[in-house]
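The structure appears right after this line, and notes come after that.
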Amino acid sequence: MGKFYITTAIDYANGDPHIGHAYEKIGADAIARFHRLRGDDVHFLIGMDEHGQTVAQKAAERGLTPQQQVDEIAPRFQEMWSRLEISYDQFIRTTEDTHKAGVRALIKRIFDNNPDDFYEKSYRGLYCVGCESFKQAAEIVDGRCVLHPTRVLEQVEERNWFFRLSKYGEFLRRLFTERPEFLQPDSRRNEMLSLIDQGLEDISASRARFAWGVPFPAPLSDGEQQTTYVWFDALPNYLTATGFPAKGYRDRWPADVHVIGKDITRFHSIIWPAMLQAAELPLPRRVWVHGFVLFGGEKLSKTAGVRLELDEAIARFGVDPFRYFLLREVPFDGDGSFTWERFEDRYGADLANAFGNLASRVITMIEKYTGGTVPAGQANDIDRADASDLADYISAMDGSRGYLLHEALRIVWKSVTRANEYAQQQQPWTLSKQPESRAELERVLASLARQLARLSVLVSPFMPLKAQELWESLGGPDSVSEQRLDALTRLDPAGWRVTKGPALFPREPHTAKASSAI
RNA sequence: GGCAGGGUAGCUCAGCCGGUUAGAGCACGGCACUCAUAAUGCCGGGGUCGCGGGUUCGAGUCCCGCCCCUGCUACCA
């Protein structure tokens, strides 16, 4: 029991939300909901990264101001997150005044506490006018930018503020070594350690070339006013969202976990902690790096034409099955594939047949055999086996071994299978035909109802709507989200009035095997 | 190129410090059952454990070489 501040990467306002964005939000949402089930005071942050050249450029192309452009995109993300039942508590936008003020305060704080960490330096590099950015050696072939081979790279020199990241190599190495949970999975931590081994280079903290951003709080020595560069603008959102530097930010900061994609590991595990250390502020407790959703093994990318419409995926079976599928099929510590075939298999096997049908058969039997009231019964071996699974479920969800959401779902389905096996073995339908077996029948139905009630709670972080639907169908009090995991082994639905509703996960005629065979 | 991880049934994967007939889920086949969304349960078929050497009484499990895949190798927000 305590506060739990969870964040996701802020999304760049240069397009619509896609499945990659959705995967991260859905995973973080499951973690947030899990913590609410534990009784934690959860604060779940999502947001938009709205500054930078690309946004300004896009806006210019459309004859809009950058602000108009981002004002148009942010609501589209928010609508999608609502649709996906993402239970965020706060939606931050880097164009908010409080964020901009917070960024400047953070930078000033570094100037105050470690004045040597910022210094002016001329940055020389090959600048591609096509990309409007400096190019690294790997992106240059025959002296030309690989993306714009017809343009000539310009040798450009720019004077900027630099941040002394190199100073923090040893600090970060100790952080990763002494607090291995800080950065997970292990593979990501090892990559960052090897990066530190290679030696960290200082990074620029301001830029002259674009104005759509936060004015850097200190002018250069010649008086030139520059704009805060990406790291110092985007990363602090997690801190500025708490109100920093206003009093009270410490009620929330530090974040308990930053949930991010593997492409931005370095920013969150190297640059961000170094910035905070330079400002002498507490570091986040952990950074969790998830993998990517591939589409049939291919990376989703606009250029390669590999894309999957979120709308289409949601429309297929609804929001909850989509959430379930992503979190079950794509391991949260690595990459995984989305395929329609797999989605249909999972929906049919796990949701319609195993889980949905379990709910259906149990509720029907209670209606038929005990008049719709859940009978009373003592805990049995099944409850003990479920309790053991519950412990595994918690350890897969609480971050202690990483956020293994796919693992948690696998464990829940062990319980689903156990319930179906139990029903088959006990055969309440047979018991119902023998008046002398009445007590036995009630024990069995009570057991099945307990199992189902627990399942609806366990499944709720992943499928909040369906979990609530089942909870209501069982006649449970309040809402499923108000239940507590620590009370789950004592959860007793005896006396609840069940109501059989429509199938939880209807099997669709056109996906049934019978119709696919001609 | 360097560093890291991986290549195990049709598919997705488990197999810790080497030890009897290599496991799970899905898919597939058969049987049972009827409470249920033609759902469920039980049984079964199916694997040269990337390739080639080596160590060992014994190797997916250790060592060497090779092939293939993935990630990282820093200024894109």
Side-chain angles (χ1 to χ4, degrees), chain A residues 9-14 49-55 94 123 125 131-136 138-139 160 162-163 165 185-205 207 210 213 229-231 233-234 262-267 270-271 289 291-292 294 297 299 328-331 334-337 339 341-342 345-346 348-369 406 410 413-414 417 419-432 444-445 448 500 502-509 512-514:
Chain A
I10 48 175
D11 299 308
Y12 196 52
N14 68 343
D49 178 9
E50 303 187 313
H51 288 137
Q53 269 188 119
T54 315
V55 164
T94 56
Y123 180 84
C131 298
E132 291 203 43
S133 66
F134 289 98
K135 297 278 111 178
Q136 298 302 297
E139 298 168 295
N160 299 131
F162 268 72
F163 174 64
L165 183 63
D186 294 349
S187 54
R188 298 298 162 200
R189 184 172 60 252
N190 291 337
E191 285 174 1
M192 291 306 110
L193 278 167
S194 80
L195 199 68
I196 293 170
D197 288 343
Q198 294 167 40
L200 298 177
E201 288 172 24
D202 293 344
I203 54 173
S204 47
R207 279 293 161 86
F210 62 97
Y229 197 48
V230 51
W231 344 106
D233 181 343
K262 62 185 181 182
D263 52 334
I264 50 178
T265 310
R266 193 176 62 242
F267 306 152
I270 304 260
I271 298 177
V289 185
F292 288 152
L294 309 176
K299 199 165 181 173
R328 174 81 197 244
E329 191 75 4
V330 182
D335 296 345
S337 261
T339 69
E341 188 189 9
R342 229 23 213 172
D345 284 351
R346 284 274 182 210
D350 297 354
L351 298 180
N353 294 356
F355 189 50
N357 183 58
L358 171 70
S360 172
R361 66 196 303 208
V362 169
I363 290 169
T364 297
M365 288 191 281
I366 291 170
E367 284 193 336
K368 281 191 179 175
Y369 305 149
H406 55 294
R410 190 185 62 77
W413 254 256
K414 274 176 67 184
T417 298
N420 274 318
E421 283 170 5
Y422 178 76
Q424 195 67 27
Q425 283 162 10
Q426 301 302 318
Q427 300 188 23
W429 50 91
T430 304
L431 298 174
S432 75
V444 172
L445 293 182
L448 285 168
K500 177 141 184 172
L504 216 47
F505 302 102
R507 199 170 231 305
E508 294 177 316
K513 301 244 165 38

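Reminder, nothing fancy here: chain letters follow the sequence lines and each chain counts from 1.
- Counting distance only, with no hydrogens placed and no angle test, the side-chain atoms of A:Thr364 and the base atoms of B:C35 include no donor-acceptor pair under 3.5 Å.
- Between A:Asn353 and the phosphate of B:U40, there is a side-chain N or O to OP1/OP2 separation shorter than 4.0 Å.
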Tell me which donor-acceptor pairs under 3.5 Å the side chains of residues 421-431 of chain A have, and how far apart each pair is, sequence neighbours excluded?
from, atom 1, to, atom 2, distance (Å)
A:Gln427, OE1, A:Thr430, OG1, 2.9

Per-nt protein contacts along nucleotides 4-11 of chain B (heavy atom under 4.0 Å; B base, S backbone sugar-phosphate only, - none) come out as -------B
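- Contact check, A:Lys414 against B:A24: no side-chain N or O comes under 4.0 Å of OP1 or OP2.
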Writing each nucleotide of RNA chain B 5' to 3' as (, ), [, ], | or . by Watson-Crick or G-U pairing under 3.5 Å yields (((((((..((((.....[...)))).(((((.......))))).....(((((..]....))))))))))))....
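- Comparing the C1' positions of B:G29 and B:G46 gives an interatomic distance of 11 Å, to the nearest angstrom.
- For the P atom pair drawn from B:U40 and B:C26, the interatomic distance equals 9 Å after rounding to whole Å.
- A:Asn353 meets the side-chain hydrogen bond (donor to acceptor under 3.5 Å, both in side chains) test with A:Arg507; sequence neighbours excluded.
- Side-chain to base pairing of A:Asn357 with B:A39: no donor and acceptor N or O lie closer than 3.5 Å to each other.
- Scanning for side-chain hydrogen bond (donor to acceptor under 3.5 Å, both in side chains) contacts around A:Ser360 gives A:Lys500, with sequence neighbours left out.
- Only the C1' atoms considered, B:A9 is 23 Å distant from B:G5, to the nearest whole Å.
- One interatomic measurement links the two molecules: CH2 of A:Trp429 to C1' of B:C35, which rounds to 6 Å at whole-angstrom precision.
- With sequence neighbours left out, A:Phe505 forms a ring pair (Phe, Tyr, Trp, His ring centres under 6.0 Å) with no residue at all.
- Remark: the separation of the P atoms in B:C76 and B:G52 is 46 Å, to the nearest Å.
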